[in-house]
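Worksheet for the structure shown next.
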Amino acid sequence: MSSLTTVTTWLKKNRVPKRYAPIIFLTPFVALFLIFGMFPMLFSLFLAFQSWEPTAGLSAMQYVGLSNFTFALSDEWFWKSFKNTVWMTLVSGIPQHVIAIPLACFIHHSFGRLRNLVVGVYFVPYITSTVAIAMMFGTLFSSDYGMINQGLHKLASMPLIGSYFPQQNIDWISNPEHLQPAIAMIIFWRYLGFNIVLYLAALQTIPAELYEAATMDGATRMQKFWHITLPSLRPMIYFGVTLSLIGGLQLFEEPFILTNGNGGSDQAGMTSAIYLYRMAFDFNDFGAASAMSWILFVIIAALTYATNWVFRERRSTREEG
């Protein structure tokens, strides 16, 4: 507030016309955005058409046209990392919303004054340090002394249901078959609370009169959920699914820390973002890494547009019906 007062006083003292005030106030933000936002993005696009060894300096850049994009599109490791990313995005993302919606409804209707406290507990993983989360789950997934294997061992020793659980300890981190489910579990656990907050906020905007009218018409709780709650939550579902899609395809921190930055055994934990990082900083091929990043950008934009089309198509179909 003091900075705003200082700028206002300066404007009056120097008799600056009021029409220039918005420009003066926006200049710091615009300058920071151009330097730290727009310039790196445009420079990355420029690098996508160059062959460059960073240690040789800027003068070592050589224009190679579409060679970097051709290499990226034919690189089997790029597509393997993209396949891994899509698998973990779907396996961790779909349950987030399938569980978050009914759980948000339960919290909304079952907890009174304690509702904010319960939501806060679910939201804690989202604001917790990624490094701390990855280290914690690295310990939990330990093949010898991890609590997850210990819990599965206890369940396997129980009668009737014991045969449905593995009898031997699972090597979650080193075994490529179990590494991806382990990472998906971490992502699901971390972002479930964030989606609960989104849907809980949307639930509070639904008019209570709709439920009262449905109760008077003899609607059951399940009928209210399917015909009132879900249609009302559709815009927020679209928003949440879009965020999960974009965030999932940019997955980096959790698998990077869990696999020590190398993608794990058989590169099962190698995501597209990790591969881009290694291509640039391990293999010193910034041109190919930039081309791959723009290919990933186009894929994310196309999938986001497809998600918007799906939800828009559903709305128009419902209105025509």
Side-chain angles (χ1 to χ4, degrees), residues 40-41 43-54 62-96 130 134 171-188 191 241-310:
M41 184 173 63
F43 186 67
S44 172
L45 181 61
F46 175 76
L47 280 181
F49 299 94
Q50 308 291 324
S51 176
W52 182 42
E53 178 68 29
Q62 295 181 354
Y63 177 76
V64 294
L66 298 176
S67 298
N68 289 325
F69 291 93
T70 303
F71 168 76
L73 293 173
S74 60
D75 185 10
E76 62 179 16
W77 284 106
F78 172 73
W79 292 112
K80 178 179 175 62
S81 66
F82 181 73
K83 180 181 177 181
N84 294 340
T85 305
V86 171
W87 191 94
M88 286 184 279
T89 298
L90 294 177
V91 174
S92 65
I94 294 177
Q96 287 180 31
T130 304
D171 191 355
W172 293 97
I173 306 301
S174 301
N175 192 326
E177 295 182 358
H178 300 129
L179 178 58
Q180 289 184 1
I183 296 175
M185 191 183 304
I186 298 174
I187 303 303
F188 164 79
Y191 292 98
V241 169
T242 302
L243 288 182
S244 297
L245 178 65
I246 296 175
L249 294 178
Q250 295 177 334
L251 184 61
F252 178 81
E253 294 95 340
E254 292 84 356
F256 184 85
I257 299 173
L258 202 63
T259 63
N260 294 321
N262 56 24
S265 178
D266 195 30
Q267 305 300 305
M270 176 77 72
T271 64
S272 297
I274 294 178
Y275 188 62
L276 298 182
Y277 173 86
R278 297 198 64 189
M279 180 62 67
F281 296 99
D282 290 349
F283 309 140
N284 290 325
D285 194 345
F286 278 76
S290 298
M292 292 176 184
S293 66
W294 281 97
I295 292 174
L296 186 62
F297 167 77
V298 172
I299 294 174
I300 293 176
L303 292 177
T304 303
Y305 176 81
T307 304
N308 178 55
W309 180 83
V310 168

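A pairwise comparison of heavy atoms in Ala72 and Ile295 identifies CB-CD1, 3.6 Å as the closest pair. When all heavy atoms are compared, the tightest approach of Gly264 to Leu179 is CA-CD2, 4.0 Å. Here the closest non-hydrogen pair linking Ala48 and Trp294 is CB-CD1, 4.5 Å. The heavy-atom pair separating Ala184 from Ser92 by the smallest distance is O-CB, 3.3 Å. Scanning both residues, Ile183 and Gly269, for their nearest heavy atoms gives CD1-CA, 4.0 Å. Summarising the geometry of Ser290 relative to Leu47, their closest heavy-atom pair is OG-CB, 3.4 Å, with the distance given to 0.1 Å.
Partners of Ile246 by side chain to side chain contact (heavy atoms under 4.5 Å, CB included), not counting sequence neighbours, listed by chain and number: Thr242, Gln250, Ile300, Thr304. Every side chain to side chain contact (heavy atoms under 4.5 Å, CB included) that Asn68 has, sequence neighbours left out, goes to Val64, Ala288, Ala291. For Phe71, there are no ring-ring contact (aromatic ring centres under 6.0 Å, His included) partners two or more places apart in sequence or in a different chain. Applying the side chain to side chain contact (heavy atoms under 4.5 Å, CB included) test to Ile186 and every residue at least two apart in sequence or in another chain returns Ile133, Phe137, Phe141, Glu254, Leu258. Taking the ring-ring contact (aromatic ring centres under 6.0 Å, His included) definition, one finds that Trp87 meets it with nothing, sequence neighbours left out. In this structure, the ring-ring contact (aromatic ring centres under 6.0 Å, His included) partners of Phe256, at least two apart in sequence or on a different chain, are Phe252, Tyr277.
The distance from the CG atom of Leu243 to the OG1 atom of Thr307 is 11.0 Å, given to the nearest 0.5 Å. The line from CZ of Arg278 to CG of Asn284 is 12.5 Å long, rounded to the nearest 0.5 Å. Here the CD-CD1 distance, from Glu253 to Ile187, works out to 8.5 Å after rounding to the nearest 0.5 Å. One finds the CE atom of Met41 at 11.0 Å from the OG atom of Ser293 (value rounded to the nearest 0.5 Å). Rounded to the nearest 0.5 angstrom, Asp266 CG and Ser174 OG are separated by 12.5 Å.
Under the 30°/60° scheme for interplanar angles, the aromatic rings of Phe78 and Phe82 are found to lie parallel.
A 4.5 Å side-chain heavy-atom check between Ser67 and Ser51 finds every atom pair outside the cut-off. Counting only heavy atoms from C-beta outward, the side chains of Glu76 and Trp79 never approach each other to under 4.5 Å. Inter-residue side-chain proximity for Tyr275 and Asp75 is flagged as met; some heavy-atom pair is nearer than 4.5 Å.
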Gln62/Trp52 under side chain to side chain contact (heavy atoms under 4.5 Å, CB included): CA gap, chis, key distance, verdict: CA-CA 7 Å; Gln62 295 181 354; Trp52 182 42; over 6 Å; no
Derivation of the side chain to side chain contact (heavy atoms under 4.5 Å, CB included) call for Met292 and Asp285: CA-CA 11 Å; Met292 292 176 184; Asp285 194 345; over 6 Å; no
Side chain to side chain contact (heavy atoms under 4.5 Å, CB included) between Met270 and Thr259, intermediate numbers included: CA-CA 9 Å; Met270 176 77 72; Thr259 63; over 6 Å; no
Verdict with reasoning, Thr89 to Leu251, per side chain to side chain contact (heavy atoms under 4.5 Å, CB included): CA-CA 8 Å; Thr89 298; Leu251 184 61; 5.7 Å; no
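In Phe49, the CZ atom is crowded: over 12 heavy atoms of neighbouring residues, nucleotides or ligands sit closer than 6.0 Å.
Put simply, the side chain of Thr85 gets close to the backbone of Ser272: a donor and an acceptor are under 3.5 Å apart. The backbone N or O of Asn262 lies less than 3.5 Å from no partner atom in the side chain of Asn260, so there is not a single donor-acceptor pair. Gln180 contributes a side-chain N or O that, together with a main-chain N or O of Ala268, makes up a donor-acceptor pair within less than 3.5 Å.
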